[in-house]
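A quick write-up on the structure given underneath.
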Amino acid sequence: MPDEKGRFPDPHEYQVPPELEGWEEMYPSHYLFTQDRADWEKNQFWYLDKIHAPEPMPPLDQIFQEAWQISLSQYTTRVFCIPPAQGIAQRMVGPYMYICAIAPPPDEIIGEKAAHFEKRVFYVFEHYDELWDKWLTKFKALGEEMKAVEVPAGLPKYVPDDQVLPAPIGVYDSFNLMEAFDKLANKMIKGWQYHFEMLNLTYLAYLMFADVARKLFPGISESSIGKMVAGAYVSMFKPEEELCRLSRLAHADPGVADILKGGATAEEKITALENTPEGKAWLAEYDQAKDPWFYVSCGSGWYHHEGSWLTVPEIPYGYIKSYLERLDRGETIERSLADIEKERDEVIAKYKALIQTDEDRESFDGAFKTIRTIYRYAEDHLFWVEHWFHTIWFGKIRELGKVAVDAGMIDEVDDIFMFNRYEIPELLTEVSTGWALGVDIPMRGSHYKAKAAKRKKILEAAREWNPTPALGVPPEEVAEPFTIMLWGVTTDRVKEWLKGVDASSAGDVSEIKGFASSAGVAEGPARVLKMLKEIVDLQPGEILVCPTTNPSWAPVFTNIKAAVTDIGGLTSHAAIVCREYGIPSVTGTGLATQVIKTGDIIRVDGETGVVTIVEKAG
Amino acid sequence: MAYILNFKDLDKSALPLVGGKNASLGELIKASIPVPPGFAVTTESYLRFITDTGIKEEILHIVSELITGDMNSLNETSDKIRQLIRSVKLPAEIRATIDSAYGELCTMCHVDALPVAVRSSATAEDLPTASFAGQQDTYLWIQETDPVVEKVQQCWASLWTARAIDYRIKNKFPHEKVLISVGVQKMVNAKAAGVMFTLNPTDGDISKVVIEGSWGLGETVVSGSVNPDKFVVDKVVMETTDKKVSTKHIECVYDPETEKVVDADVVEEMQCRCCLEDKEVKALVGMANLIEQHYKRPMDIEWAIDKDLDYPENIFIVQARPETVWSQRKPKTVIGGKSGYQLLMEQAMKRIKIPD
């Protein structure tokens, strides 16, 4: 907790619990707080990144963090050159990640960057549509390249004849295996280079528009600003649309619908469907929709263990079941995108009509046009990168995991994720080496297995540990757009947050605050879901309390009274969907899932951003 | 010319005849706003009253003897004229007209001796440039014709308060040209009441409706004798952006024993309870928007929630007048004519201070 001067613990002195001993070796060494950078490190402000790293970090999943540290930062500092902003630095403390928005650079650098900014950024806005098309084309191509990476199914006893005769191909699976991982790792990092291509500018434009709106309408709420900016996002909600379409198709055929509405597992349903021509036809439609639209993570996309609609078919099949039941009741399952657009246009027109001078109305139009031009990027990139691309990658890595299991290096496929991206090449090199050396070659399987087991234990123990919300010294000012937009540190929110985390350990929190992101007030029993898998427990009429949501959660929103999240601002997925379904939400509370327990009666005020625990469960 | 006119037959063109307040009630009815029923006693009644009874010359004579700049003389003049207006008997024809209009109102509401509010409605009042607000009289919970007539005459007398006389002299309004009308309106048996503005009076934010309300009749809010509950609602998205529930110790209610409207203590468990339900707030904001759209300008509105009726029939607007503080300011740019790109550049250069 902060001392009286508002300082948080010195990161070099902060102690992790003894159960986490040995955590350092899980991550690249540049992620550790080190003595050679101590003077700089202890004077920065490091806070727990609950957005990208809410859970203890498996070593290989850290690749995404490593990739975004470079990519996000470079677009701000070296590509589009947002003048006073620098990048975001990351460090690990135990298996949790802390991040820091670095203080502005010297004035002469700011001046140089301003010149680049003007020249480069306005060009992007003027050519946005064309640039977006180019972006999507190249990103899809990269995903296809990733899919095309061949991972050897296993190392053969002898290479087949056709690889030797009539001419040896010269490169064998020993190399292919090592190369496959290098390719996968490089493509992932490349994908993340693309990820931020226009995102920094999008956030900057959003902040600009929000500022204009607040000047014109001093008391305007964050959620109203969100309403003006929000559109009917195409890729963000496409998985859900596809499920609706498949549900309609099934509904038209009672045989298919009956199978899908039954209580069998997804796998059993698929088998049953394969036995009828109508079922087969429906499955063919399903398979067609699958790529890309069902490449959605069951979580944020940031962790391998979250699974996806591909690996956990119970999720999409469960939604289809509930859509079919709603269709039986005569309900409409689709949302009208046209209505959403129309409503937004009306909101904009009404605010605009209130503006007092023509001059301001013109500025408002200009500001709105600027944000609307680019805003779709904020929603669209998410599906393509964090969901589609990550899902492809996880699948490929598991293929490598299987080779490692077969070679006796690890016990389970997913244990591959217990090694970071610098360690895996060594592991695979050992596999190739052992194969090449001949038969009866001793392998170091026990070494890797012991390591994986120890690391799993550390990650498990870390779940029970509540690390300090921050380290170091809070800054005087921030210019970095992601920090302002995602973490909202410019307001009193950080203080609220820190205060709340503090009090939660004392167990006396009865009220928490977040973004009032969807209007309305609701009261009811809370259902705390840390993972989407737990969704089966959710009862209609409950209030969803979760770390964060994403497109794969979308169908849940028809069943709940309100939503509360730990993470996410006004443009977070939960906020958007709640506004569209007209249910209240409070997002970005920082600690709802810690403070609220399933069964607590809570009151969610989506107009003031306050969540009150009315009655504790039990 | 009519001595009385039903509110529902009025619009702003009737202002010279029925005064600003009454005309405004007619306008509200035209805009489909629920206004308690009632009628205006027109300026014609007043004119006939002072002419037929012959007191007109007397009034003008008294006022002509006023010594300019002398406070005592001003007060004396005012007292004399008001005494005169209150004491002279109303011509029978006018009395009969009021009696029959009041009777009709009772019949329409299915109540004998219907409680009404009697309010003056000046022809110069409520104009943004010549606000007389507070100078005219309001009498609440008046029952039966005789007391109504008595209060009508008291309202007429309010045209001659010392402040009103002084104001006319200073602004060179001829005394004989200023007339007055009176409104007689069914009382809302208010559970809660108060005021609302179609902009935020604190910062001039035109996207907000600000409601202030308390238990009982609205007089406690208007006079400032309680700290009201306050709601700030965004008029576009209809979200409450700020809500403050105050401790409301007293309420203005009708006391059947004394047959008067009195300030009574609020029972303890009600003091800290919010005086409006969420849906009532929303309904009021909806009406505020309609009223503002009808008048095409920011408005200052009085409202009341009837305790005898069910939502949504229980919500009434009892008065609406133009907002006079922010509306007087010349609109000026707050963005300074900047383009979208200029604004983006400005944002890019921004460093945001972290609050201590």
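Reckoned from all heavy atoms, side chains included, excluding hydrogens, waters and symmetry mates. Letters A, B, ... are given to chains in the order of the sequence lines, protein chains preceding strands, and every chain is numbered from 1.
Using a 4.5 Å cut-off on side-chain heavy atoms (C-beta onward), B:M349 and A:I110 make contact. Contact of the B:K350 side chain with the A:D211 side chain is registered, since non-hydrogen atoms from C-beta on lie closer than 4.5 Å. Two residues are said to be in side-chain contact when any heavy atoms from C-beta on lie closer than 4.5 Å; B:K332 and A:D360 fail this criterion. Inter-residue side-chain proximity for A:L354 and B:K235 is flagged as met; some heavy-atom pair is nearer than 4.5 Å.
Residue contact with chain A, scored on non-hydrogen atoms closer than 4.5 Å, is absent for B:K330. Both the backbone and the side chain of A:F125 come within contact range of chain B, each with at least one heavy atom under 4.5 Å from a heavy atom of that chain. Heavy-atom distances place both the backbone and the side chain of A:S363 under 4.5 Å from chain B. No part of A:I371 comes within reach of chain B, as not one of its non-hydrogen atoms sits under 4.5 angstrom from that chain. For A:P84, the parts lying under 4.5 angstrom from a heavy atom of chain B are both the backbone and the side chain. Neither the backbone nor the side chain of B:Q342 comes within contact range of chain A; no heavy atom of the residue lies under 4.5 Å from a heavy atom of that chain. Neither the backbone nor the side chain of B:N200 comes within contact range of chain A, judged by heavy atoms closer than 4.5 Å. With a 4.5 angstrom heavy-atom cutoff, A:K215 touches chain B via backbone and side-chain atoms both.
In this structure, CE on B:M238 lies 12.0 Å from OG on A:S224, to the nearest 0.5 angstrom. The OG1 atom of B:T333 sits 10.0 Å away from atom CD1 of A:I355, with the distance rounded to the nearest 0.5 Å. For the atom pair NZ (A:K227) and CG (B:D234), the distance works out to 8.5 Å, reported to the nearest 0.5 Å. For the atom pair A:E362 CD and B:K338 NZ, the distance stands at 14.0 Å (nearest 0.5 Å). Here CG of B:L344 is found 10.5 Å from CD of A:E118. Values are rounded to the nearest 0.5 Å.
B:D205 and A:G219 get closest at one heavy-atom pair: OD2-N, 2.7 Å. In terms of heavy atoms, B:Q347 sits closest to A:L204 at CG-O, 3.6 Å. Contact detail for A:E359 and B:G336: the closest heavy-atom pair is OE2-C, 4.3 Å.
Enclosure of atom NZ in B:K282 by more than 12 non-hydrogen atoms of other residues, nucleotides or ligands within 6.0 angstrom is indicated. No more than 12 heavy-atom neighbours from other residues, nucleotides or ligands sit within 6.0 angstrom of NZ on B:K244. Residue B:E268 places its CD atom among 12 or fewer non-hydrogen atoms of other residues, nucleotides or ligands, all under 6.0 Å distant. Around atom CD of A:E343, no more than 12 heavy atoms belonging to other residues, nucleotides or ligands sit under 6.0 Å away. Taking a 6.0 Å sphere around CZ of A:R603, one finds it holds 12 or fewer heavy atoms contributed by other residues, nucleotides or ligands. Within 6.0 Å of CZ on A:R120 lie more than 12 heavy atoms contributed by other residues, nucleotides or ligands.
Interface remark: of the candidates A:G366, A:P218, A:G609, A:P218 forms the most heavy-atom pairs closer than 4.5 Å to chain B. Note: B:S207 leads B:G204, B:S207, B:P331 in heavy-atom pairs under 4.5 Å with chain A. For the options A:E126, A:K369, A:E346, heavy-atom pairs under 4.5 Å to chain B are most numerous at A:E126. Among A:T370, A:D365, A:L201, the residue with the largest count of heavy-atom pairs under 4.5 Å with chain B is A:T370. Looking only at heavy-atom pairs under 4.5 Å with chain A, the residue among B:V232, B:I206, B:D242, B:D278 that has the most is B:I206.
Between A:D605 and B:K243 there is no salt bridge, since no side-chain nitrogen of the basic residue lies less than 4.0 Å from a carboxylate oxygen of the acidic one.
The stretch residues 343-363 of chain A participates, sequence neighbours left out, in these ring pair (Phe, Tyr, Trp, His ring centres under 6.0 Å) pairs: A:F217-A:Y351.
Interface with chain A: from residues 218-231 of chain B, no residue qualifies, criterion being any non-hydrogen pair under 4.5 Å.
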TODO: Evaluate side-chain contact (heavy atoms from CB on, under 4.5 Å) for A:Q356 paired with B:R329, printing each intermediate quantity in order.
DONE: CA-CA 11 Å; A:Q356 303 282 291; B:R329 304 195 180 178; over 6 Å; no
